[in-house]
Every structure is written in structure tokens, then in C-alpha cells.
Amino acid sequence: MKKVGFLVLAIISLSWGCKPKTGMSVAAGDAASKVYVAPGTYDEFYNIVSGGFSGQMSVYGIPSGRLLRVIPVFSVDPEKGYGYAEETKPMLNTSHGIVPWDDLHHIALSTTNGAHDGRWAFGNANNTPRIARIDLQTFRTAEIIELPNSSGNHSSPFITENTEYTIAGTRFSSPPDYEGTNTDVSISSYKENFKGYLSFVGVDKESGQMDLSFQIQIPPLNTDLARGGKGPSHDWFFFSCYNSEKAFTLLEVNASQKDKDFILAVNWKKAEQYAKEGKGHVQKVKYAHNYYDASTHTATSEIKTDVIVLDPKELKDVLYLIPCPKSPHGCDVDPTGQYIVGSGKLAALIPVFSFDKIQKAIAANDFEAEYDGIPVLKYESCLHGEVQKPGLGPLHTEFDANGNAYTSFFVSSEIVKWNVQSLQVLDRVPTYYSIGHLCVPGGPTTKPWGKYVIAYNKITKDRYLPTGPELAQSAQLYSIEGDKMQLLLDFPTIGEPHYAEAIPANLIMPNSTKIFKIEDNHNPYVAKGEKEAKVVREGNKVHVYMTSIRSHFVPDNIEGVKMGDEVYFHVTNLEQDWDVPHGFAIKGANNAELLIMPGETQTLKWVPEKVGVFPFYCTDFCSALHQEMQGYIRISPAGSNVPLTFSTGKTAVADQK
Ligand code: K7E
Ligand code: CUA
């Protein structure tokens, strides 16, 4: 058995250097005109792309591949002051304290009736389990919720059809961390002491606010990916699971022993009902819930302590397992909600399961076994059919509106198009190289927009100018309008792209926030006009209520601050015009800049480390007199009697010392 495992590994390892043979190294014919977005015109789609180990999301225009924005989510971003300003620091709080980084793999764009509604994007933190919600009006992180009892938040955050829930499963099982569990256990007691969890995070219909509604404890499988049902399967959720072997060491061999692992089918409607009926157990846990209040422009972090956990051993009709060949990775539901595609990383075929057949098998108690008390349905009873010889190393599948599926193949570096009904392979096209996820606009929804498929590749090797040991991560854009897929464009990406979604520009663009209204700014340290600017001492804390407008700060001269003081620069941008941010930076600050949008207040904390006069300035070129947008703060020795004064435009200084 072990030998087989190593052989598989050898094949996979070799493939890192292998290139598709039918190389199309230069995009053919009319490709350039198909991606050309003339200066002054807009792209057709927003492509919201996970940043992998950058912890962020990035936004590209499609078809041009132009980078429009990087949205800071789980990692600090000194460019925007995210995680550095006092207002945004709480966003990164967790039960482990501030965590300034994470690994973001999956995007889920909110849907109504299964179709994109352009409201929010969700993203997962894989390492310290969290889900973030990004507001697509501001392209900012609005909320982050931590998940207790969880490790390896990978099959996350996938949504139900109406965004009732965003759902997360654990790729790593571990001893749960609720109060009263013994977490100091031997790793070899994996089978007894390690658990997986599925988290159901409710999303408020109006505000989008998230709430950890309940969890389901599951056996120590690795739940890898997931998709919500839609239409007929609306009440269900599907997770791919590997490591049914329950291995805890050398998983590359030990978790590749069995011919089949599982797809876990979850009746979330039933689970929701049981949770509401009080059939769960309330466990004491600790998790952070961080919320950015748009009116105070300030985040708060609350540590929550309760979670409802359902035990499938007590609630028999919530979970069912469907055998699925060889370490499934992607688990994707087609636009009709009728077919579930499992992509076994080591399998030589793609099984497609039928939702109707799954339901019939459940109704008929057509089980072949139990796995830790969970019924295992028969493979054949659930199967719609298998795609034969599709390629090597299938990972993920997206869909178009015409009944076709597009599956990425990591090992054979290609996208394969096949028909969901007939299971016939229709077309294949090489990717450069080793594609992971792929994205058809609207591909995971009931209403695919189609037109393109975008490949997110793991290896680029010879595609870009070399930049030392680390090469650009990359995406490739293909047309899927004709019968044959056509490569149109390569474009580099930020971090390592995993999943991405693309949405028509017209679902987002008309709602995009241009400014924050100054009258609606309820930051406790706002100065709504220059007359409100002031400097206030509270013990050793000095609060500077500062305004910025083209092209000066009020105040721009501050004296009477002493060693031992902590200075808080609360800078309000008084502009009410689109695209006029001001920045703020001060010499020697052990901090980032602030980048303050029109109508917003942001705060930089600065602890002076020596006596002197320190300049500060605006970092964003805001007007012809941007270079004049500067000021000074004087720091005197501790115990000095220089009075606290502040001013702007006061040139007679004879009365000051
Ligand atoms: Cu396939 Cu983390 Cu979704 Cu990447 S995962 S490829
Ligand atoms: Cu304000 Cu430059």
C-alpha cells in the first residue's frame, strides 16, 4: 500500500516541471482585441480574487486583467493604514490577541435566489479561523468573526442560496477548545480526541451582520471544500472530505490509502431547526467578533463566549456520507442544484452525483455502512455518472449557463470542458502551469454570466520576466463563447490566488460609495470643521483633533507636548469630493501612515522617543500645493513648562517660547 502512495506522489512531484505539449505560447489571432479595454472605457466584470498567503483580496477588471484595488482583509496594510490606525486595529483581534496576517483562499459573493446581488464578498482565514465580510459599496472589510473549536478553516466561507448562512468546515481536526475539554492530549489519540466542526454563521438580510448561529461536531475528517445547494437542493450543503483514514502523520501517504473518501451532505435546514428547538448543547468558548461601524468609522472587537453545538449522534437525519473517489478536493454544485461534482485529486475520473438520487437513497435507507455513526450511502445509488478520462488531478469545477462544466486539472495543467448531462468531454485547453482554482463569471450561482473562464495558476516559470527566486503568481483569461476555449491573456496577481469570483460591473458600479458624508461622521474624535480643531491633554495622553483639506492641516503647529506623552492624531478629512483622500505621516513613527477618505476620521498613535521638532505631512498628492501640506510638532523634555498650544497660519511667534 505504501508503495502505491509514494508512486502517486512521484507522479505529482514530477509534474511540477512538466509543460503541456500542445503549447500555445502566444495567444492567437484576435485575442488582443478581445481583452482591449480602450482608455476611458470600463471593464465588463469585476474579478474579486483571493490573495492566498497575502491575506488580502484583490480586484481586477475583466477582460483587461488590470488591477483595480487590493482590499486589506486579514493582513495589515500600511498603505491604507489598515490594522495600524486605532480605528482598524480591532478588526484583527482574535481570542489569541491581534493576529496581523492570514491565508485567504476562498471568495463567496452574496446571492439572492442563488444569483449575484452585488452586496458583499466573504473570505476565509485559513490559519486562525475567521470569516470576513467585505462591503462591496466601499470595498472595505466591514466585519470579521472568529470561529471557535476550529482549525484549518479551509472549506470556508461558502454560502447558502439566499446568503442565509456563510458556512465553514475544518480542514484540520483538533481537540475542541470549549471549556471543560482536555486539550493536552497525545497526538496519537487523534481518533478519540480530535474533532471536526462545521460552523453556520448567520448573515442578516438587511445589514449583512454575521452571527455564529450554531456548529455541528463531526468525526475527524478533513473537510476540504464545500458548496451550498440551490433550487431543489436549497436546504442542503455539500462538503468534500479527505483523510477518512484519520491519519495524523505523513498524510500524503497515510491519508491516500483508501479508494474512496467522502462527500458529506448536510441538511442545514434540519440542523437550523434543531438548533432553534434547543436540541444543541451550549458550550463555553472564546471567539472575537469585530465590526467596523460605518458611522463612527471605528471598529470594535467583542469577545463572545457561547456557541450552540449539535451532535449528529443525537440528531440522526442531518448528516449523510457519500463515497467519493480518492481524496476529493473541489465539491461543486451545478446551476440547477441537481448535480454535485466531486473532484478526487488522485482519481482518474470525475463522479457526478444526482441530488434526486441522493434523496431517494436516503428515503430508502439505502446505506452501505456507518462511519462514526453517520450513514454512508451507496456510491452507485447516488451517482448520476462519471466523466471518464477527463485529465489528471481534477481540483475545481465551474459552470456556464448552457449545461457545461469546466474543471481545472492541476497535474495535467489544463481546463477541461464537459457536459453535465451527457458527461462527454467537449474541449480541453492547456494552462501555464498547474492550475488551481478557476472562475467563470457567475459560475457557482444559479445564473452564470459565462463568457470567460479564468485560470489561477500555481506555477508560472517561463511566463514572465524573472524577478529572482519568487516569480509572479498568475491568472489566465480564456474566452468560452465559442465551442473551443481560446486563451486571451496572462495577468499577474497579488499573493497566491486561490478561488475568485467575477460579477458584472453593473451590479456594483452604480452603488459604489464616493464619499462619506461629514455630517454623518460620528467618530468621537471628529472635527467637522476647522473651528472644531483642537489639542486636548488628558493626563499623559494628548488628543489632536486635526482637520485636513486642500492643502493644509489644522492645526499645523503644536507645542507643549512632552516626553512620556502619547499623542493621538485624530485626522478628519473635510473634503466632500470623490477621490480626494489625504494622508498623514510623522517622522519616526513606529507605525504606518493614515490614508483618510473624504468625510472620514482616522487616528494615528505616536509615542515620541526624543526631544525635538518633528514634521508631519500629507502623503497623498492631493493638489498643486500638496507639497505645502505639512506641519510641525514640538516635543519638550518631561517636566518642561512649555504650554500646550496649537495653531495654523499664525506667523507672529514672538509671544511663544
Ligand atoms: Cu484548491 Cu485552498 Cu480552494 Cu487553492 S484550494 S487551489
Ligand atoms: Cu493632502 Cu496631499
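Start at 1 and go down the list; that is how both ligands and their atoms are numbered.
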Which of the numbered atoms in ligand 1 are below 4.0 angstrom from a heavy atom of [X]?
X: His329; answer: 1 (Cu), 5 (S)
X: Gly436; answer: 6 (S)
X: His437; answer: 1 (Cu), 3 (Cu), 4 (Cu), 5 (S), 6 (S)
X: Lys458; answer: 4 (Cu), 6 (S)

Practice item. Report, rounded to 10°, the angle at atom 2 (Cu) of ligand 2 between the two atoms O (Asp620) and ND1 (His626). Key: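 O of Asp620, atom 2 (Cu) of ligand 2 and ND1 of His626 span an angle of about 80°.
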Exercise for review: Compute the angle centred on atom 2 (Cu) of ligand 2 spanning SG of Cys618 and SG of Cys622, and express it rounded to 10 degrees.
Suggested key: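 Centred on atom 2 (Cu) of ligand 2, the SG/SG angle is 120° (to 10°).
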Review point. Under 6.0 Å between the ring centres of Phe237 and Phe239?
Key: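 Phe237 vs Phe239: aromatic centres under 6.0 Å.
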**Study point:** Under-4.0 Å salt bridge between Asp334 and Arg227
**Key:**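 Judged by the 4.0 Å cut-off on N to carboxylate O distance, Asp334 and Arg227 do not form a salt bridge.
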Practice item. May I ask you to say whether Glu519 pairs ionically with Lys528, meaning some side-chain N is under 4.0 Å from a carboxylate O? Key: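 Salt bridge flag = no for Lys528 with Glu519.
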Exercise for review: Please find out if atom 1 (Cu) of ligand 2 and some N, O or S atom of Met629 are separated by less than 2.8 Å.
Suggested key: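 Under 2.8 Å: Met629 contacts atom 1 (Cu) of ligand 2 through an N, O or S atom.
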Check your understanding: How long is the span from the CG atom in Leu221 to the OG1 atom in Thr170, to the nearest 0.5 Å?
Key ->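 Atom-to-atom, Leu221:CG and Thr170:OG1 are 9.0 Å apart.
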Practice item. Among all protein heavy atoms, pick out the one at the shortest distance from atom 4 (Cu) of ligand 1; state its residue, atom name and that distance to 0.1 Å. Key: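 For this ligand atom, the closest protein heavy atom is His498 ND1, 2.0 Å.
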Review point. Taking just the N, O or S atoms of His582, which one is nearest to atom 1 (Cu) of ligand 2?
Key: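 Going by distance to atom 1 (Cu) of ligand 2, the closest N, O or S atom in His582 is ND1.
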**Study point:** Leu225, portion touching ligand 1 at heavy-atom distance under 4.0 Å
**Key:**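 Just the side chain.
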Check your understanding: Out of His329, His396, His105, which one pairs with His498 under the ring pair (Phe, Tyr, Trp, His ring centres under 6.0 Å) rule?
Key ->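 Exactly one option meets the ring pair (Phe, Tyr, Trp, His ring centres under 6.0 Å) with His498, and it is His105.
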Point to revise | Row check, Tyr406 ring normal vs Lys417 NZ/CZ: under 6.0 Å, within 45° | key: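 Relative to the ring axis of Tyr406, which defines the angle, Lys417 lies outside at least one limit.
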Point to revise | Heavy-atom closest pair, residues Asn153 and Asn124 | key: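 Reported closest heavy-atom pair: O-ND2, 2.9 Å.
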